[in-house]
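Working notes for the structure below.
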Amino acid sequence: MITIPFNKPYMTGNELKYIQEAVNLGKISGNGEFTRRCHSFFEQRYGFHKCLLTTSCTDALEMAAILLNIQAGDEVIMPSYTFVSTANAFVLRGAKIVFVDSRSDHPNMDETLIEDLITPKTKAIVVVHYAGKACEMDTIMDIAERNGLWVVEDAAQAIDSYYKDQPLGGIGHLGCFSFHETKNIQCGEGGMLVINDSQFAKRAEIIWEKGTDRAAFFRGEVDKYGWVDVGSSFLPSEVTASFLWAQLENLNAIQAKRKAIWQDYHHYFAGQASSRQVLSNLYLQQFSKVLQQARLTDNYQVCPEDSSPNAHIFYLIFEQLSYRTAFINQMKTAGILTVFHYQSLHRSDFIQKYQGKNKQPLPHTEHYSDSLVRLPLFFEME
Ligand SMILES: *Cc1c(COP(=O)(O)O)cnc(C)c1O
């Protein structure tokens, strides 16, 4: 029986109150009072140029691909160790996905391999800040600028993470966040597109509102609204936005708690790598039993200097698949659910059918697919 789940979505207690308020306002379709509140919260707290709530990070990524005018045959560089949506958004526009390997010390993309992958067809680099830890953005932005490429940050896991005092999602030309229930801040299903390059702001709003200039109409900027571009229904309802607002009000408390749990793990694994002394906590007692047989590598805490991650995931990396499998099974027997993820995208059935097998092997990506495990980390953990 599982006594400690992998994740438990946190409810602050005010979600229903704000949903009731939205209902009382009598307008629960998108882009209403709570949506505006959420936008200005993010714009003020992080200095983002313009924010648009979406129904998911997947949608925000799809908006990014439309905004950058990605066409059939364009090439987009991204890691293979990521969720399918990072690639799917660009595949929907006919792009060829060019996969870059992960770093040897971290699942994030190895920025030193990017430049060799650029061709005249390359249009964009999509970075993924895995576990809320920053990619080497100075190097990546420099490569993009020298080669005339766009940078999209898949910051799905990276709300409230920083790279050298800059919030993640606010560094590339566009940033995409997720508020899925597995993320730090959540509204069930939700997301946000951040427009950092102001030239995209006006068109982003049109694509968001089904290809119409309805948002400008409601601000009184045009006297009627019509069909002016391609678009889709990317905006969430006020039911979702009001739920999210309850989370945003508690963002500091949520982050403080997650960071404390992350630090507890960190102290345990980093401080006692050799002795692995048993702590009084029952959960860690279970751990230490299992870990006596596990073969861990020591690189789970690596992240760039001067960056401050958001405690989204605490992961361990084993030397090989069989050790990880044994660990997960033993933890399950102890009632604790631990999970692995990202089957490398370059080895997926779909992408191999779509664009053929990857020419280069991606050894680090494949290693993380086989060896990384995520430990439970949620607000209500003791
Ligand atoms: C969660 C996640 C997504 C998808 O987010 P949704 O809001 O569920 O669409 C995309 N990319 C990464 C890296 C993620 O972790």
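Just so you know, these numbers come straight off a predicted model, no measurement behind them. Note that ligands are numbered from 1 as they come in the structure, with each ligand's atoms numbered from 1 the same way. By convention here, the first residue in the shown sequence is residue 1.
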Using ring-ring contact (aromatic ring centres under 6.0 Å, His included) as the criterion, point out the one residue from Tyr130, Tyr315, Phe6 that pairs with His341.
Tyr130
4.0 Å heavy-atom contact, Lys183 with ligand 1:
yes
Inspect the contact between Asp349 and Lys353 and indicate whether a charged nitrogen and a carboxylate oxygen are less than 4.0 angstrom apart.
no
Any idea which part of Phe177 is under 4.0 Å from ligand 1, heavy-atom wise: side chain, backbone, both or neither?
neither
Which of the numbered atoms in ligand 1 are under 4.0 angstrom from any heavy atom belonging to Cys57?
4 (C), 5 (O), 6 (P), 7 (O), 9 (O)
Under 3.5 Å: N/O of Val128 near N/O of ligand 1
no
Any non-hydrogen side-chain atom of Asn184 less than 4.5 Å from a side-chain atom of Phe179?
no
Using 4.0 Å as the upper bound for N to carboxylate O, is an ion pair formed by Arg347 and Glu366?
yes
Among all protein heavy atoms, pick out the one at the shortest distance from atom 9 (O) of ligand 1; state its residue, atom name and that distance to 0.1 Å.
Thr58 OG1, 2.5 Å
Whether Arg37 engages the ring of Phe34 as a cation-pi pair (distance to the six-membered ring centre under 6.0 angstrom, angle to the ring normal within 45°) should be assessed.
yes
Examine Ser178 against ligand 1 and note whether any of their N/O atoms are separated by less than 3.5 Å.
yes
Compute both the distance and the angle, then confirm whether Lys8 meets the cation-pi test with Phe378: under 6.0 Å from the six-membered ring centre, within 45 degrees of the axis.
no
Side-chain contact test, heavy atoms from C-beta onward, threshold under 4.5 Å: evaluate it for Thr112 versus Arg103 and give yes or no.
no
So, regarding Ser85 and ligand 1 (criterion: nitrogen or oxygen to nitrogen or oxygen, under 3.5 Å), is there a contact or not?
no
for atom 4 (C) of ligand 1, nearest protein heavy atom and its distance come out as Phe83 CD2, 3.7 Å
Please confirm whether Gly190 approaches ligand 1 to less than 4.0 Å, judged on its heavy atoms.
yes
Whether Tyr81 lies under 4.0 Å from ligand 1, heavy atom:
no
Identify the protein heavy atom lying closest to atom 15 (O) of ligand 1, giving its residue, its atom name and the separation to 0.1 Å.
Gln157 NE2, 2.9 Å
Please say yes or no: joined through hydrophobic side-chain contacts below 4.5 Å, possibly via intermediate residues, are Ile143 and Met141 part of one cluster?
yes
May I ask you to test the Leu372-Arg374 pair for a side-chain heavy-atom distance under 4.5 Å?
yes
Starting from atom 11 (N) of ligand 1, what is the nearest protein heavy atom, named by residue and atom, and what distance separates them?
Asp154 OD2, 2.8 Å
Closest to atom 14 (C) of ligand 1 among protein heavy atoms sits Ala156 CB, 3.3 Å
